[in-house]
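See structure below.
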Amino acid sequence: MDFLNKDFYAQPTLKLAQSLLGCQLVKETKEGIASGYIIETEAYLGPDDQAAHSYKNKRTKRTEVMFGPAGYAYTYVMHTHCLVNVVSGLAGIPEAVLIRAVEPLSGIDLMYKRRGDKKEKDLTNGPGKLTKALGITQQDYGHPFNVPPLYITHGYEPDHISQGKRIGIENSGDARDYPWRFWVTGSKFVSR
DNA sequence: CCTTCGATCTACT
DNA sequence: GTAGATCGAAGGA
């Protein structure tokens with residue numbers, strides 16, 4: 001299996017956020033395997049990022065994993081949904097990359113079963129939607145992304161990457177305008 | 001214990 | 001594009 005290794009996750013967070021585009025996010029459950037290409041991410045840079053949960057090194061039970069080494073899953077429940085991040089940065093530096101959207105690749109039947117009868121593009125075009133479609137839950141908190149049942153493998157090289165402001169952080173002061181959102185240019189599966 | 005607050009989604013205009 | 005739902009976690013008493 002072509003798992004991404006530690007050198008990959010050791011990249012600076014902003015670069016990692018772009019490198020993750022086109023990679024495959026895979027989740028195995030007893031119901032089957034579901035996977036998709038990552039096509040939209042957002043970077044959250046620890047202590048200096050007003051929009052990050054780890055702003056000012058805020059450390060709680062939930063943000064704890066971000067203070068560890070890169071390559072682990074940071075799952076967080078909010079608004080009745082579960083979001084998933086890839087922890088980045090060295091141990092002690094709480095940075096992470098939020099996965100905002102993926103393009104369905106395999107296990108699409110399973111996604112329809114979990115999400116209900118929707119259009120294909122509505123299966124995974126949002127942070128809370130993709131976790132439900134893939135079956136990612138709070139139980140995956142702290143899981144390393146290079147061992148089953150949850151892992152990331154190499155995918156394809158996107159033709160072109162777009163960059164822009166992050167979404168859903170209107171109340172985060174100056175941080176709301178930081179251009180730390182990345183997506184595959186032209187993809188139909190970006191959240192907006 | 002009790003109050004507040006979202007890194008969202010959905011439906012509806 | 002925008003308002004409303006909704007519930008677990010965080011933080012204060």
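None of these values were measured; they are calculated from a predicted model. All chains are named by letter (A, B, ...) in the order of the sequence lines, taking the proteins before the strands, and each is independently numbered beginning at 1. Any value given below was found using the heavy atoms of this structure, including those in side chains, with hydrogens, waters and symmetry copies removed.
Judged by distance alone, with hydrogens and angles left aside, the side-chain atoms of A/Thr131 form a donor-acceptor pair with the main-chain N or O of A/Cys82 at under 3.5 Å. When atom types are taken as modelled, the side chain of A/Arg115 and the backbone of A/Lys132 share no donor-acceptor pair closer than 3.5 angstrom.
In this structure, A/His53 reaches the B/dA7 phosphate: one of its side-chain N or O atoms is under 4.0 Å from OP1 or OP2. A sub-4.0 Å separation between OP1 or OP2 of C/dG11 and a side-chain N or O of A/Lys58 is present. The shortest distance between the side-chain N/O atoms of A/Lys129 and the OP1/OP2 oxygens of B/dT10 is below 4.0 Å.
The CD1 atom of A/Ile169 sits 9 Å away from the P atom of B/dT8 (whole-angstrom rounding). One can place OH of A/Tyr178 at 16 Å from P of B/dA7, the figure rounded to the nearest angstrom. In this entry the distance linking NZ of A/Lys119 with P of B/dT10 reads 12 Å, nearest Å. Distance A/His81 NE2 to C/dA5 C1': 10 Å, rounded to the nearest Å. One atom, CG of A/Leu123, and another, C1' of B/dT10, lie 15 Å apart when rounded to the nearest Å.
A/Val84 has its side chain within reach of A/Phe145: a pair of non-hydrogen atoms, C-beta onward, lies under 4.5 Å apart.
In the set C/dG11, B/dA7, B/dC9, the nucleotide with an atom closest to the side chain of A/Asn85 is B/dA7. Set against C/dC7, B/dA7, C/dG8, the side chain of A/Val77 has C/dG8 as its closest nucleotide. Of the candidates C/dA5, B/dT10, B/dA7, B/dT10 carries the atom nearest the A/Arg115 side chain, counting heavy atoms from C-beta on.
When heavy atoms are screened at a 4.0 angstrom cut-off, A/Tyr55 is found touching no nucleic acid atom at all. Within the 4.0 angstrom heavy-atom criterion, only backbone atoms of the sugar-phosphate kind lie near A/Arg100; the bases stay farther away. Using a 4.0 Å heavy-atom cutoff across all strands shown, A/Leu98 reaches at least one base atom of the nucleic acid.
Applying the side chain to side chain donor-acceptor pair (under 3.5 Å) rule to A/Ser191 yields the partners A/Glu40, A/Arg100; only residues at least two apart in sequence or on another chain are considered.
Checked by atom type, the side-chain pair A/Gln138/A/Thr75 shows a donor-acceptor distance below 3.5 Å. Looking only at atom types and distance, the side chain of A/Ser19 has a donor-acceptor partner in the side chain of A/Gln11 under 3.5 Å away.
When each of A/Lys118 and A/Leu83 is assigned the nucleotide of DNA chain B bearing its nearest heavy atom, the one mapping closer to the 5' terminus is A/Leu83.
Where stacking is scored as ring centres under 5.5 Å apart with planes under 30°, A/Tyr44 registers as stacked on the base of B/dA7.
More than 12 heavy atoms of other residues, nucleotides or ligands sit less than 6.0 Å from atom CD of A/Glu120.
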*Can you give the dot-bracket line for DNA chain B, where a pair is Watson-Crick or G-U wobble with both atom distances under 3.5 Å, crossing pairs use [ ], and | marks a partner on another strand?*
||||||.|||||.

